[in-house]
Amino acid sequence: MICQFTQTITIKQITNNFAEATLTNLKNLRGMVDLLPAQSQCWQKVESIALDHFSRAGLQEIRTPIIEQTELFSRGIGENTDVVGKEMYNFEDRGGRSCTLRPEGTASVARSIVQNGLLNNGPQRLWYRGPMFRYERPQAGRQRQFHQIGVEFVGLASVMSDAEVISIAWNFLKEVGLNDLTLELNSLGSNEDRNIFKEELKNWLNERFDLLDEDSQKRINVNPLRILDSKNNSTKELLNHAPSLSDYLSKESKTRFDYLQELLDNINIPYKINNNLVRGLDYYSHTAFEITSDHLGSQATVCGGGRYDSLISELGGPKTPSIGWAIGMERLIILAGDNILNSKSPDVYIIHRGQKAEQFALNITCKLRSANLSIELDYSGSSFSKQFKRAYKSMAKWAIVIGEDEVSKGQFLIKKLRDKEKDKSNEEYNFSREDLDQLIKKLID
């Protein structure tokens, strides 16, 4: 009997230990990163600037599902792209449907526009935000779950829409506080221009097959344009002597690209031409662009986009000229850093001791928050001196102090904790319950 009891305890201990070990080892998946409160403040600030900036530009927000049919991306992005071929998170749901966690936002927006008939209301000027998923090697600014803010102008063919879309990205990034940026620009021409160039490039590359890196060798007959964007140093050196897409542009395509440069000059947005800029997705045509920063190493692109005049028709809609871009939030946050993150301190820190003081403190907290003041309420129940230390650490401008004596008199003390004028940092005032309007005015002043 004793032995049986001992064995039971041992099994229970083993079970508990196993459970504890399992819980201890539970971590986020590689490339899936938690956004902790301190980081979220920065994200919220950037998103707030985006919302205000896009509103002033007359854009409307659209939200699409995170999960889509796999066919949307194989048709829209292109089966021969790295995104579709190597990087997508695909799975089969219980209904036997092939599903994918969206790897980018444009295809989903295009699908939604076609499905919901939004073009019946004329051209669409839209923006979106949210998580995307690609199975890539994680590194600074690039995770497997990453976040984008994007803009799509759908139903607009004018070169002026290209310039406006670029200006919205440029001005947004400037508003966030980024100044060391470079706009790289290229024209991919029409589909006809590009197909002629692809054949010439493919022939040129095949003649130098043994000089190419392994990835480029695999791409020659599948997606030769992507070789132009190779990061391999020897291949990049070789490509300096390759045919240039700019030499294969039709007269119409050249005129269009020249006018875009003229428009950008007119609004004082500097740029440089990059003839090897092709972007990674099959749906681009004519204008392609990236905004880069020297502070991101090999992952230099902050914003990338271009024109995609055939995507809507590829998804079953009418032929619809469109242009858009996307900004990676993780990279943007790295660049913004301290320029954007000025953590907002509370206006008031409320210090209290005792049960009645606690109730009074909560009552005042709710009323002051209703007046649009930021209030931090101490929950520690520790001594006044310790609460004051936390109040100073919070960087609040004012402290409200409530003890049992103050409650019995229907009063409380407010004390200034910090001020630009140091000699005023010890101001103190007594207020009664009935003086809340005067208190609010004092705190706002």
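- Contacts classified as salt bridge (Lys or Arg N to Asp or Glu O under 4.0 Å) and involving residues 240-269 (residues at least two apart or in different chains) are given here: Asp162-Arg256.
- For Arg102 and Thr64, the side-chain atoms include at least one donor-acceptor pair closer than 3.5 Å.
- With hydrogens and angles disregarded, no donor-acceptor distance shorter than 3.5 Å links the side chain of Glu428 to the backbone of Ile414.
- Between Phe172 and Ile49, the closest heavy-atom pair is CE1-CG2, 4.0 Å.
- The pair Glu136-Arg142 meets the salt-bridge criterion, with a side-chain N (NZ, NE, NH1 or NH2) lying under 4.0 Å from an Asp/Glu carboxylate O.
- Within the 3.5 Å criterion, the main-chain N or O of Ser98 finds a donor-acceptor partner in the side chain of Thr70.
- Looking at Ser253 and Ser250, their side chains do bring a donor and an acceptor atom within 3.5 Å of each other.
- Between Ser293 and the options Val302, Thr182, Leu178, a side chain to side chain contact (heavy atoms under 4.5 Å, CB included) holds for only Val302.
- To the nearest 0.5 Å, atom CG of residue Asn221 and atom NZ of residue Lys198 are 12.0 Å apart.
- The shortest heavy-atom contact between Ser285 and Asn191 is CB-OD1, 4.4 Å.
- Shortest non-hydrogen contact noted between Ala396 and Leu417 is O-CB, 3.5 Å.
- Lys174 NZ: more than 12 foreign heavy atoms inside a 6.0 Å radius.
- Applying the ring-ring contact (aromatic ring centres under 6.0 Å, His included) test to every pair with at least one member in residues 367-388, sequence neighbours left out, gives no pairs at all.
- Pairs passing the ring-ring contact (aromatic ring centres under 6.0 Å, His included) check and including a residue from residues 114-136, sequence neighbours excluded, read Phe54-Trp127, Tyr89-Tyr135.
- The closest donor-acceptor contact from the side chain of Arg125 to the backbone of Ala57 lies under 3.5 Å.
- With hydrogens and angles disregarded, no donor-acceptor distance shorter than 3.5 Å links the side chain of Arg331 to the backbone of Ala300.
- Taken from CD in Gln261 to CD1 in Ile269, the straight-line distance is 13.0 Å, to the nearest 0.5 Å.
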**Request:** Could you walk me through whether Asp93 and Ile67 pass side chain to side chain contact (heavy atoms under 4.5 Å, CB included), step by step?
**Result:** CA-CA 11 Å; Asp93 69 5; Ile67 300 173; over 6 Å; no
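- Remark: Ser167 OG to Met160 CE distance equals 10.5 Å, nearest 0.5 Å.
- Atom CD of Glu104 and atom CE of Met88 lie 10.0 Å apart (nearest 0.5 Å).
- Screening Met132, Gln148, Glu47 against Met329 for a side chain to side chain contact (heavy atoms under 4.5 Å, CB included) leaves a single residue, Glu47.
- Interatomic distance, CG of Leu183 versus CH2 of Trp170, reported as 6.0 Å (0.5 Å rounding).
- Under the salt bridge (charged side-chain N to carboxylate O under 4.0 Å, His left out) criterion, Glu207 pairs with no residue, sequence neighbours left out.
- Residues His241 and Trp204 keep their aromatic ring centres 6.0 Å or farther apart.
- No donor-acceptor distance shorter than 3.5 angstrom exists from the side chain of Thr235 to the backbone of Asn232, with no hydrogens or angles considered.
- Atom OH of Tyr259 has 12 or fewer heavy atoms from other residues, nucleotides or ligands within 6.0 Å.
- Legend: salt bridge (Lys or Arg N to Asp or Glu O under 4.0 Å) pairs involving residues 54-69, not counting sequence neighbours, sorted by first then second residue: Asp52-Arg56, Arg56-Glu175, Glu61-Arg63, Glu61-Arg129, Glu68-Arg111.
- Residues Glu199 and Tyr248 have side chains that never bring a donor and an acceptor to within less than 3.5 angstrom of each other.
- Rounded to the nearest 0.5 Å, atoms CG (Leu245) and CG (Leu225) are 7.0 Å apart.
- With Glu184 contributing its side chain and Ile291 its backbone, the two residues share no donor-acceptor pair below 3.5 Å.
- The backbone N or O of Cys366 sits less than 3.5 Å from a side-chain atom of Ser370, completing a donor-acceptor pair.
- Counting heavy-atom neighbours within 6.0 Å of Met32 CE, excluding the residue itself, gives a total above 12.
- Using a distance-only test at 3.5 Å, with no hydrogens or angles considered, a donor-acceptor pair links the side chain of His53 to the main chain of Ile168.
- Side-chain polar atoms of Ser322 and Thr320 form no donor-acceptor pair below 3.5 angstrom.
- Under the salt bridge (Lys or Arg N to Asp or Glu O under 4.0 Å) criterion, the residue pairs touching residues 309-328 are Arg307-Asp309, with sequence neighbours excluded.
- Under a 3.5 Å cut-off, the side chain of Arg194 and the backbone N or O of Leu188 do form a donor-acceptor pair.
- Annotation: Asn28, atom CG; neighbour count of heavy atoms from other residues, nucleotides and ligands within 6.0 Å is above 12.
- Between the side chains of Thr301 and Glu290, a donor-acceptor pair is found at a separation under 3.5 Å.
- Checking each of Lys386, His352, Arg390 against Ser380 for a side chain to side chain donor-acceptor pair (under 3.5 Å) leaves exactly one that passes, namely Arg390.
- Side chains of Ser112 and Asn116: a donor on one and an acceptor on the other come within 3.5 Å.
- For the pair Trp398 (side chain) and Asp347 (backbone), a donor-acceptor distance under 3.5 Å is absent.
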